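Note that these values count all heavy atoms, side chains included, but never hydrogens, waters or copies made by symmetry. In the text below, chain A, chain B and the rest are named by the order of the sequence lines, each starting its count at 1. Fair warning: this is a prediction, and the values are worked out from it, not measured in the lab.
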Amino acid sequence: MRSGPAFAAGLFRYLPIVFLLLLWHMASTFHLVSTAVLPPLSSVLSSGYDLVSTAEFWDNTGSSMYRGGMGLLLAIVIGGALGIAMAWWKPIRYVSSPLVEIFYPLPKSALIPITALWLGFGDASKILLIFLGCMLPVTIGAFNGARGAEQTLIWSARSLGASRWRTLLDVVVPSALPELLNGARTALALSFILLVSSEMIVARKGLGYLIGFLGDGGNYDAMFAVVLVVAALGFFADRVYLAFARRVLRWRE
Amino acid sequence: MRLWKTLLGAALALPLTLGAALAQTPVKIRIAWVVPVANSPTILYEKPDILKFKGKSYDIELIRFQGTPPMITALAAGEVDVALLAYSSLALAIQNAGMEDLRVIADEAQEGVDGYYTSPFMVLKDGPINTVADIKGKVIATVGQGSAVDIAMRAYLKKNGLEDKRDYSSVEGAFPNMRALLTEKKADLISVVLPFSINPELVEKGKTLFTVKDSLGKSEFIVWVAKDGFLQKNKAAVTDFMEDSIRSLKYLMDPKNRAELLQTAARVSKLPEAAFSGWIYTNKDLYRDPDMLPDVEALQRSIDIQQSLGLLKNKMDISKYVDVSMTQAAAKRLK
Amino acid sequence: MDSAVLDRAAAGGAQAANAQIVIDRLSHTYRPAHGRPVLAIDDVSLTVGRREFLALLGPSGCGKSTLLYQLGGFLPTETGTITVDGKKVQGPGPDRGIVFQHFALFPWKTVRANVMYGLQRMSLPKAEQERRAQEFIDLVGLSGFEDSYPSQLSGGMKQRCAIARTLAIDPEILLMDEPFGALDAQTRHLMQTELLAIWNRSPKTVIFVTHDVQEAVYLAQRVAVMSARPGRIKAIIDLDFDRRDPHLTKSKAFVDKVDEIWELVRGEAIKAQAGKA
Amino acid sequence: MARINQGGAPMASPEHDSGQLPHFVRSFGWGVVAWLPVIILLVAWEVVARSGTVTPFMLPTLTRVFERMGSELVSGELPIAVGLTLWRALAGFVIAAVLGIALGLAMARNRFFYWFFDPIISVGFPIPKIAFLPILVLWLGFFDLSKITMIAFNTIFPVVTATIVGVYSVEKEIIWSARNLGTSERGMLWEILLPAAMPQIFTGLQVALPIALIVGVLTEMAMGGYGVGGSMQTASRMADSLGVFAGIFEIAVVGYVMVKLMAMLRRHLLRWHQESQEPTTV
């Protein structure tokens, strides 16, 4: 398939999204939902267009992406390392699992009063909350993946002269990768949700800030436009992730 | 040798220039807000040429909050300096959060002032409710128990012998959704504020059963607060800040500058100018004191009502927590 | 070295003077996370000479793999000792290369990267690493598949790759854990012949675990027969066939030897089956 | 990928095992060590709270928070609030689990389903679903139905993606041999695909359950009503930080128990899997 047919195929592939948007349009034209809470798609798109053409909007997007990206990055790096370490060294597993198990089910926005004491209301506290919320799927994936590392592979590496550290790096980490990356996909999606919810509560800027203040002001056209932007960014990030994961894991097929 | 002398001179001069620079560094005032435009700080500092001291003795930073509770936390943690609180939240912050150092410094908006707007509680025009007594057994929608309008509603219903849970049930909804809750019959009585209360569809389908004024009379509804420590340390800067604020408010209230006001409101809220043109800063809006001086008596009255409803544990003398000296000084300078 | 140990070791087999691996009174208990501990190896002593090809033969579950893993240093020795060149085994090392039944190739590395892995752990110049990797890839007949991932290879090719990976680091001792057990009959036969050819070219000490009597007789200079669980050394049989003879496996001497050893093993295999049931 | 049929011993190699101590001594000792970080955190909390560097509103002492929880326990408020929150969270979770696994299986086995739902999942997962709360309220009212729907709506996504990954990782040989043995399409589902994909599906469920609890609490905060989130919201409106922190502790305890029970369930259901050779944590 070259570019023309490839484009058509891509269009076909993502047709269900068009269908979803059509459903939205019908919902408001046939008054299935009060336009007071869900404005017609057309007005959302037109205020979305106005919004996207301001520099301020991109400033907000940029700061959100920074927070989300940092939180996610920390979650993947620290969460992945923690999961692998927990599988490789029992003491780490014992010491870290109660902490992880207690913090994961807490609503992160409820922790804002506590993180505010320590980090204030700036980027750091939002990054921390996103990190905490995204970490567990990565940790669970890395942990299960590392535990699934085949014993004979570890032994092979050792008998080929690899040190224990080297074996961890060369055998356990790649073995954990498929499940770790699968956890990272969940984390990626969660990071967008957490980013919006943490910015909604207190913020100077960001997409969650926009959603919060547009919503409180009853400007639902613009608010849903921002929601759509978040969804589009999330979708795009997910597709990039999938392409990346396929590349990293190409040895599997 | 020359080099050494120059270096030495520079080294000696450095602390001096730095000190001078520090003295000139404006005091950063972090302001917490919730609703754009309706909270005046979101539009007061948009026109640099009437702000004499901004960037000189003070500077501002606006921080949006989802509601009052995180704002009180932020005040307590010293993460914001000036916050806009309703009378009810103010009393709770002082009494329950133990923030004895909170001071009312200025007025934001007052309810129930004669000749000005007051927020309505609305029912369906052709619905079953025509008098307050009809509320019995019905569902009322509030923005949250214990909030400023909620207190007004409960107080009025109580005056008419109606108690929550016994005589009516309450559900929670945000102001923007109240219209839909009423028209879709999810609630029988709703509580709305500007600009949602003047939505054409709501005006067409709904009618006002009673108002905040009916319940509370004249009420100091929303005030600016700051911590005493911050005020004492930055008296001069805060006075300058208040002077700019009052000047800007007066400028925006001036009918001559109405076009500019509407433009600013539209830009800040991302809503069309039409959303504001009918009411903002006119007598169809809540009353705002032109000198930003709060009505302490009215404030005390509202808090007493709050306490009588059991939404505040103990009686409280609010005048102890008012420090309008800087606002007064600023207003005087503008005379 | 303790001379008593040497004596006892000598009693176990020939070539004591040339002994490279000495296993002395080794016992091993396997402790699963749930359930009772199992005595897997009971008081095994064995000596293996330098450049000797020894087959460790026994029914499944007799502990022969456990013995091999202890030799490899993967499992700790609890009772008894294992020495290699007079040094106690304490953990794995590149002096003892291992080939597993299920290949244990790194699935995320290509054939070349797999073979290079051990070489990269040695301080060799890059060019030398590449030259040697290629040499061993060619040796096992995987030329042209250097950039394939293991998932793209057949079972026989995977095992060739695993053998190349182990041989490339030139270990003095080659531990093989039923390396041809997962292959089909034809491939297995080919691989046996190739293994012999490689060994003839550059003899190493080989310990070859198998439960296939014919394979053991065909490959090894000496066969140690293990009993069913707990594993003990039941008999040691010296073999002296000319493996260059293409008709060897059909010769009477060979067939008789297979039968003789098969008799020894059969009883154990039955015991092992009974033990499982 | 090839996790299902790997033989071999559990991976924690004996080099790291703690030797010869009797089992109960080891597990008790580890129990103490395991909770050490939590204990340190709590002690640090108490020390900071008592030091006077922060006001009791910002960080009340633990003793007072526990006292508050005690009095709520005695008055019966706490069990009711926890019970309600738990009921909604679990109801939403069960709905999401059943629908999510079904949808995941359908997507993994049927090209049309995959085509239709793949982009929708990809868009729907990261979308801030809280924005749709007013719509749910108008459709489904204020009470349990809208809250449970919101919970299920948030929780279903990780279940679906995990199920798809799980089914995809089932080895072709297993499917082929099952088909060869005459397994029907339906038997394939129940006897082959579901059990073989179970490790990944379960990981998805383990990720999803805490999300159900979190969303349950957040919807209560947004919509009012009884429950832990509702009480926390009321408390925070009244500037009653003891009530807020008591709520945080209640959620922490409930969440921890939930996570632990899921881990136990996993160990029980996946007895056949190699990972069960070792105690499962997280």
Side-chain angles (χ1 to χ4, degrees), chain B residues 65-79 85-86 88-102 139-148 150-151 165 169-187 227 306 310-313, chain D residues 48-49 51-61 64-65 68 77 80 128 130-147 149-150 217-227 229-248:
Chain B
F65 284 76
Q66 203 180 19
T68 313
M71 217 145 83
I72 295 176
T73 307
L75 268 174
E79 290 290 326
L85 293 181
S88 50
S89 310
L90 169 69
L92 291 168
I94 294 169
Q95 196 166 93
N96 291 2
M99 294 173 68
E100 287 289 324
D101 54 347
L102 226 46
V139 179
I140 65 166
T142 166
V143 278
Q145 203 186 344
S147 66
D150 179 77
I151 288 170
K165 293 195 180 77
S169 53
S170 55
V171 294
E172 288 184 14
F175 285 129
N177 303 330
M178 288 292 181
R179 166 168 60 110
L181 291 179
L182 185 68
T183 55
E184 307 264 317
K185 299 195 171 66
K186 296 286 165 190
K227 277 193 187 176
Q306 178 182 12
L311 292 166
L312 188 66
K313 265 178 276 163
Chain D
V48 173
S51 70
T53 49
V54 290
T55 66
F57 168 69
M58 289 154 72
L59 196 72
T61 61
R64 288 192 57 210
V65 174
R68 168 66 170 260
E77 274 173 73
I80 291 172
I130 200 84
F132 299 94
L133 194 63
I135 302 169
L136 281 184
V137 169
L138 282 193
W139 278 350
L140 305 170
F142 278 94
F143 303 100
D144 285 1
L145 194 56
S146 55
K147 286 175 183 154
T149 308
M150 193 67 188
V217 171
L218 291 181
T219 48
E220 285 169 11
M221 285 180 162
M223 295 166 61
Y226 293 103
S231 337
M232 280 172 75
Q233 181 67 5
T234 309
S236 79
R237 280 197 193 125
M238 305 302 282
D240 168 17
S241 67
L242 272 185
V244 175
F245 283 106
I248 292 179

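Heavy atoms closer than 4.5 Å to chain B are found in both the backbone and the side chain of Val137(D). When heavy atoms are compared at a cutoff of 4.5 Å, Thr73(B) approaches chain D by way of both its backbone and its side chain.
Considering only heavy-atom pairs separated by less than 4.5 Å from chain D, the leading option among Ala187(B), Ala174(B), Gly144(B) is Gly144(B). Heavy-atom pairs under 4.5 Å with chain D peak, among Gly98(B), Ala93(B), Gly146(B), Ala77(B), at Ala77(B).
Between Glu172(B) atom CD and Met221(D) atom CE the span is 12.0 Å, to the nearest 0.5 Å.
Each of Leu75(B), Ile72(B), Asn96(B) was scored for a side-chain contact (heavy atoms from CB on, under 4.5 Å) with Phe57(D), with one residue passing: Ile72(B).
Scanning residues 236-243 of chain D against chain B with a 4.5 Å heavy-atom cutoff picks out Ser236(D), Arg237(D), Met238(D), Ala239(D), ordered by number.
In this structure, Lys186(B) and Trp139(D) approach most closely via the heavy-atom pair NZ-O, 4.1 Å.
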